[in-house]
Amino acid sequence: MNIKDVAALSGVSPSTVSRYLNQPVSVAKGTAEKIERVIALTGYNAAKQDKKVEMSKNPTIGVVISSLLNPVFSEVVAGIQRRAQHFGYSTIVIDTQYNSEQEMQAVADLIRLRVEGVVMTVANSANNRALAVLKDFNFPYCLVHNQSTQAPCVYVDNYQAGRDVALKLIELGHQKVGMITGSFQSSDRAKKRYQGFRDGLVEQGIQLSDLLEVDQNKLDSFGKQETQVMTADDAPTAWFCSNDLLALKAINAARELELNVPSDVSIIGFDGMSLAQLITPGLATVSVPHLRMGQVAVDILFNAKAGSKLATSLAMEYELQMNGSLGAAPKSRFNEQALIGE
């Protein structure tokens with residue numbers, strides 16, 4: 001950071017910043033507050049200026065993602081890097097582990113580095129401090145995966161996709177269904193998928209039987225809580241998982257419990273990651289164009305930097321891949337119980 005960087009982020013001239021540093025009382029209160037915010041965020045120190053990185057001479061895009069452990073984000077980053085390289089830009093990738101505090105730190109670090117813009121996925125786009133800072137500094141950015149009416153974004157309609165999954169399960173005769181999801185607090189996408197799934201069931205007169213909210217950062221096997229629910233006498237005949245990694249864990253748990261997928265229990269994921277098709281049976285899922293979303297996010301970012309009036313919010317198409325681990329409701333469990341009740 002140097003004085004020119006502080007001036008650009010504050011929306012004032014370098015000479016104004018210089019006056020503030022030397023004679024604070026000579027600068028208007030509103031202007032001084034802007035400069036103070038920039039200095040506080042970036043940690044700028046006039047005595048230790050970094051003159052190596054000049055404005056407009058750091059052709060780099062900052063990329064902030066929720067987790068490097070999830071292969072889905074690798075696909076998104078690949079799309080971002082491919083498109084950025086086309087324009088002669090490199091990337092800096094930061095993993096925030098679905099943590100809002102780490103998102104804030106990532107944004108501060110990237111602003112301090114004077115990247116040309118930021119493409120990011122946040123835990124929740126509503127009332128997000130990191131996004132508020134980017135807006136406050138008029139710093140170019142674009143969200144990927146998060147849907148927002150207040151920010152540039154590339155996303156799929158998670159609510160409608162969840163609803164579509166519910167209707168497909170009902171079509172196959174499933175009356176007892178559950179959902180395994182990542183933390184709603186750390187993923188607004190998971191919450192929208194749940195809301196759509198729940199509403200789709202309710203519209204057809206069915207209530208969600210079980211909702212398991214788990215830590216999506218862990219790659220280990222399900223614990224006692226999850227396996228007990230899956231083996232209960234009234235266990236769901238189908239599980240919808242908020243992402244493919246959770247669905248793979250559910251399939252693994254089913255096998256350990258000697259449940260056949262999909263004859264005994266159906267499992268559906270969300271993302272469409274390639275890895276999930278390497279198992280047998282292949283994972284039924286909602287396929288999302290992650291690579292393309294990353295590329296489009298870069299285009300939106302550069303359009304915004306250029307002052308373009310093109311749309312800054314774009315919904316991408318998803319595809320239901322309802323095969324493999326999804327089957328009809330098993331007759332040997334709840335259908336027989338229904339007959340006995342008659």
Side-chain angles (χ1 to χ4, degrees), residues 63 65-83 95 98 119-121 143-147 153-169 171-172 174 177-182 186-197 200 214 216-217 219 238-254 261-262 265-298 314-327:
V63 181
I65 60 172
S66 298
S67 175
L68 285 171
L69 295 177
N70 192 330
V72 163
F73 289 109
S74 297
E75 294 184 36
V76 173
V77 172
I80 294 170
Q81 290 180 329
R82 186 176 301 177
R83 195 62 175 160
D95 175 357
Y98 296 93
V119 176
M120 63 191 304
T121 300
L143 292 171
V144 61
H145 285 307
N146 302 101
Q147 181 178 352
C153 56
V154 184
Y155 62 95
V156 296
D157 190 337
N158 290 288
Y159 177 89
Q160 185 59 47
R163 184 175 177 278
D164 289 347
V165 171
L167 297 180
K168 184 62 179 179
L169 287 176
E171 178 187 321
L172 291 172
H174 293 278
V177 297
M179 184 169 182
I180 302 173
T181 176
S186 59
S187 175
D188 57 2
R189 287 85 63 207
K191 187 170 185 178
K192 287 182 180 295
R193 292 165 193 171
Y194 157 71
Q195 291 171 335
F197 186 63
V214 301
Q216 63 266 50
N217 280 323
L219 294 182
W239 290 95
F240 174 40
C241 302
S242 65
N243 65 49
D244 282 353
L245 277 181
L246 291 178
L248 292 178
K249 290 173 67 170
I251 289 176
N252 182 62
V261 179
V265 61
S266 290
I267 296 173
I268 303 174
F270 198 112
D271 280 327
M273 66 183 190
S274 302
L275 179 66
Q277 300 309 312
L278 298 180
I279 64 170
T280 302
L283 179 64
T285 187
V286 179
S287 181
V288 177
H290 302 289
L291 186 76
R292 181 60 182 152
M293 290 172 75
Q295 294 172 324
V296 171
V298 174
L314 182 63
M316 305 288 284
E317 296 293 326
Y318 58 84
E319 179 184 358
L320 296 181
Q321 296 180 349
M322 301 289 103
N323 45 37
S325 61
L326 171 63

What distance do [X] atom [atom1] and [Y] atom [atom2] have between them, rounded to the nearest 0.5 Å?
X    : Y    : atom1 : atom2 : answer
S287 : M322 : OG    : CE    : 9.5 Å
Y318 : N158 : OH    : CG    : 9.0 Å
C153 : N146 : SG    : CG    : 8.0 Å
N70  : I65  : CG    : CD1   : 9.0 Å
T181 : F197 : OG1   : CZ    : 11.0 Å
L172 : L326 : CG    : CG    : 5.0 Å

(request) With M273 as reference, evaluate V288, L278, N243, V72 under the side-chain contact (heavy atoms from CB on, under 4.5 Å) test and give the passing residue. (result)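 Of the listed residues V288, L278, N243, V72, the side-chain contact (heavy atoms from CB on, under 4.5 Å) partner of M273 is V72.
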(request) Check each of V165, D271, D164, D244 against V286 using the side-chain contact (heavy atoms from CB on, under 4.5 Å) test, and report the only one that passes. (result)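 Filter result, single survivor: V165.
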(request) Check whether any side-chain N or O of S325 sits under 3.5 Å from a backbone N or O of A284 as a donor-acceptor pair, and report yes or no. (result)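 Checking the backbone N and O of A284 against the side chain of S325, a donor-acceptor pair under 3.5 Å is found.
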(message) Using only atom types and a distance under 3.5 Å, with no angle test, would you say the side chain of T285 pairs donor to acceptor with the backbone of G272?
(response)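 Yes; at least one donor-acceptor contact below 3.5 Å.
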Hey, does [Y] have a side-chain heavy atom less than 4.5 Å from the side chain of [X]?
X    : Y    : value
M316 : V154 : yes
I268 : L169 : yes
Y98  : S66  : yes

Can you give me the closest heavy-atom contact between [X] and [Y], atom names plus distance?
X    : Y    : answer
L275 : P71  : CD2-CG, 4.5 Å
L283 : G269 : CD1-N, 4.1 Å
V156 : P289 : CG1-CD, 4.3 Å
M179 : R193 : CE-C, 4.2 Å
S266 : G327 : OG-N, 2.9 Å
A254 : V261 : CB-CG2, 3.8 Å

(request) Verify the neighbour count for atom NZ of K249: are there more than 12 heavy atoms of other residues, nucleotides or ligands below 6.0 Å? (result)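 Enclosed.
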(request) Using the six-membered ring wherever Trp is involved, compare the ring planes of H145 and F73 and label them parallel, tilted or perpendicular (cut-offs 30° and 60°). (result)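 Judged by the thresholds at 30° and 60°, the geometry between H145 and F73 is perpendicular.
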(request) Carefully, step by step, assess W239 and V265 under the rule side-chain contact (heavy atoms from CB on, under 4.5 Å). (result) CA-CA 8 Å; W239 290 95; V265 61; 3.7 Å; yes
(request) Could you walk me through whether F240 and Y194 pass the side-chain contact (heavy atoms from CB on, under 4.5 Å) test, one step at a time? (result) CA-CA 9 Å; F240 174 40; Y194 157 71; over 6 Å; no
(message) Walk me through whether M120 and L143 qualify under side-chain contact (heavy atoms from CB on, under 4.5 Å).
(response) CA-CA 5 Å; M120 63 191 304; L143 292 171; 3.8 Å; yes
(request) Scan for side chain to side chain donor-acceptor pair (under 3.5 Å) pairs involving residues 72-81, sequence neighbours excluded, and state none if there are none. (result)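 Qualifying pairs, neighbours excluded: Q81-T91.
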(message) Quick one, R189 with T121, criterion side-chain contact (heavy atoms from CB on, under 4.5 Å). Give me CA distance, side-chain angles, the key distance, then yes/no.
(response) CA-CA 10 Å; R189 287 85 63 207; T121 300; 3.7 Å; yes
